[in-house]
A.B. asks: 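Pasting a structure here, questions to come.
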Amino acid sequence: MNHLTFQYKHVANFLSEEEILLMQEEIDTCHSLLVEKAGKGNQFLGWMDLPSKTDESLLQSIEADAKSLRERSEIIVVVGIGGSCLGARAIIEALVSPFSTFENSLGKPSILWAGNSLSQDYHADLLNLLDKKEYSIIAISKSGTTMEPAIAFRLLKNHIEKKYGVEEAANRIITITDGSRGALKSLSEKHGYKTYCIPNDIGGRYSVLTPVGLLPVAAAGFDIRQLITGAHQMQKICTGTSSILDNPAACYAAIRNSLYRMGSQIEILVNYEPRLHYCTEWWKQLFGESDGKENEGIFPAGADFTSDLHSLGQYIQEGQRILFETVIHIQKPKRGLSIPFNEANIDGLNYISGKTLHEVNDMAALATTLAHIEGEVPNLDIVLPILDEHALGELIYFFEFACGLSGYLQGTNPFDQPGVEVYKNNMFALLRKPGFENDTEAIKGLIAGE
Ligand code: PA5
């Protein structure tokens, strides 16, 4: 079986192999901190051994619940935000046909998402659709108190109980939350929902290989065992050696931080496959919440090429020289499609007739990389043999491990996210949540001025 590879040939104009290898000593130190669980945030390193420790009984239980939900649903609504949504969405949207929502049926449900915004219209439209569909709910929140999913779950619980009655509704709801605390845990106990626990030592953005990701992925009909096997494969490589030349995550962490120290403040994760859009969203959260601290950190941005070459392409080619790109390539598409020959050739495309669309996409990628290198944008490449569960498992673990190493290279704690509380406290104060009424001077001023 082919595996994920990380390549740095397109960085050669900016960083020599000797310069990359100068990072080895620092990488060794950070690698030890991570694998020996001796660094900052070491109480949140449960994700590191997850692939090797995933229990057969947990997998069987998830597969059985997924099957049961699928049989009774045309739609499964996954409620969650941030780390309680993006990982599952990244995997499912990478694997599912973009047109599957037009073909859903009992036994072959579509996965839809709720509680990842406060949009009134989105949630009202969703409830309208659910009036007409057989459905069930997977509600995910580690804290059990996050505003967006809590509101969505209240709306959906209300809807599903009216539609099926309280008893049947309880059979159609599965929750994933903390083992002992939080409102979702209390609701689950009160109503007897089947519940999976999120381990205490795993933070939201590193939780995709727990039931948080596994149950929605299984419910979408995909092979969670292959996902875990792929992640386990990468776990062995990443934890087994700190050598920049043998550990792709160490190599990626070393290069992205070298580039950062040379002034590249923004990393753009690029794909040439629209199905990877949510992989980028997951990656943005992983690196954004892990790196961005103490006025430091690489800003993680995303681009879907070739589409975004027609929008962001100009800036990348000629804007501020503070960018580098990490490009995900898929070697082999799952479906065949060639460009047909046309006698009249009015569109002038006969010069590529007989080529597959994938071959043209590959040439677009190479042409773009060469142009961007010329425009002084270093490029890194991640190559996946094919877009399947195994490859996605490898990719997830690769990024998680590189992210941990990167945080330690920057001297920060890659496993906390203190900054995200600030807006929440303001919002609670503005909404008059008991205990938050006058939280900051700015909010006091606003409330006083009403
Ligand atoms: O990474 C994180 O910790 C966050 O993005 C959380 O996953 C997100 O805020 C959702 O939190 P919760 O699962 O507690 O509802």
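Numbering of ligands and ligand atoms starts at 1, following listing order.
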A.B. asks: Only heavy atoms of S143, strictly under 4.0 Å: list the atoms of ligand 1 that pass.
C.D. replies: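 The atoms of ligand 1 under 4.0 Å from a heavy atom of S143 are 12 (P), 14 (O), 15 (O).
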
A.B. asks: Do F436 and F428 have ring centroids that are under 6.0 Å from one another?
C.D. replies: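 So the answer is yes for these two rings.
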
A.B. asks: Has Q60 got more than 12 heavy atoms of other residues, nucleotides or ligands less than 6.0 Å from its CD?
C.D. replies: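 Atom CD in Q60 is packed in, count exceeds 12.
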
A.B. asks: How far is atom 12 (P) of ligand 1 from its nearest protein heavy atom, and which residue and atom is that?
C.D. replies: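 I find the closest protein heavy atom is T146 OG1, 3.2 Å.
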
A.B. asks: Going by the angle between their ring planes, with limits at 30° and 60°, are F153 and Y193 parallel, tilted or perpendicular?
C.D. replies: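 If you compare the ring of F153 with that of Y193, the planes turn out perpendicular.
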
A.B. asks: Between R225 and E63, is the salt bridge (charged side-chain N to carboxylate O under 4.0 Å, His left out) condition met? List the steps.
C.D. replies: CA-CA 10 Å; R225 287 169 193 269; E63 285 167 341; 2.9 Å; yes

A.B. asks: Considering only non-hydrogen protein atoms, determine which one is nearest to atom 10 (C) of ligand 1 and report residue, atom name and distance to 0.1 Å.
C.D. replies: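 For atom 10 (C) of ligand 1, the nearest protein heavy atom is I81 O, 3.3 Å.
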
A.B. asks: Any idea which protein heavy atom is nearest atom 2 (C) of ligand 1, and the distance to it?
C.D. replies: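 Checked against all protein heavy atoms, atom 2 (C) of ligand 1 sits closest to E289 OE1, 3.4 Å.
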
A.B. asks: Does K424 reach ligand 1 with a nitrogen or oxygen that is under 3.5 Å from one of the ligand's nitrogen or oxygen atoms?
C.D. replies: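 No, since none of the N or O atoms of K424 sits under 3.5 Å from an N or O of ligand 1.
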
A.B. asks: Heavy-atom contacts with S84 under 4.0 Å: which atoms of ligand 1 show up? List them by number with element.
C.D. replies: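 Near S84, meaning under 4.0 Å from one of its heavy atoms, ligand 1 has 7 (O), 12 (P), 13 (O).
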
A.B. asks: Has K424 got more than 12 heavy atoms of other residues, nucleotides or ligands less than 6.0 Å from its NZ?
C.D. replies: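 Check passes, neighbour count above 12.
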
A.B. asks: Which heavy atom of the protein is the closest neighbour of atom 5 (O) of ligand 1, given with residue, atom name and distance?
C.D. replies: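 Here the nearest protein heavy atom works out to Q285 NE2, 2.5 Å.
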
A.B. asks: Classify the angle between the aromatic ring planes of F401 and Y397 as parallel (below 30°), tilted (30 to 60°) or perpendicular (above 60°).
C.D. replies: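 The rings of F401 and Y397 lie parallel, inter-plane angle below 30°.
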
A.B. asks: Geometry only, no angles: is G83 polar-contacting ligand 1 at N/O separations under 3.5 Å?
C.D. replies: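 Min N/O separation from ligand 1 is below 3.5 Å for G83.
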
A.B. asks: With a cut-off of 4.0 Å, which atoms of ligand 1 are near a heavy atom of G204?
C.D. replies: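 Every atom of ligand 1 under 4.0 Å from some heavy atom of G204: 1 (O), 2 (C), 3 (O), 7 (O).
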
A.B. asks: Going through the distances and angles, do S290 and R205 end up as a side-chain hydrogen bond (donor to acceptor under 3.5 Å, both in side chains)?
C.D. replies: CA-CA 9 Å; S290 301; R205 61 189 175 277; 2.8 Å; yes

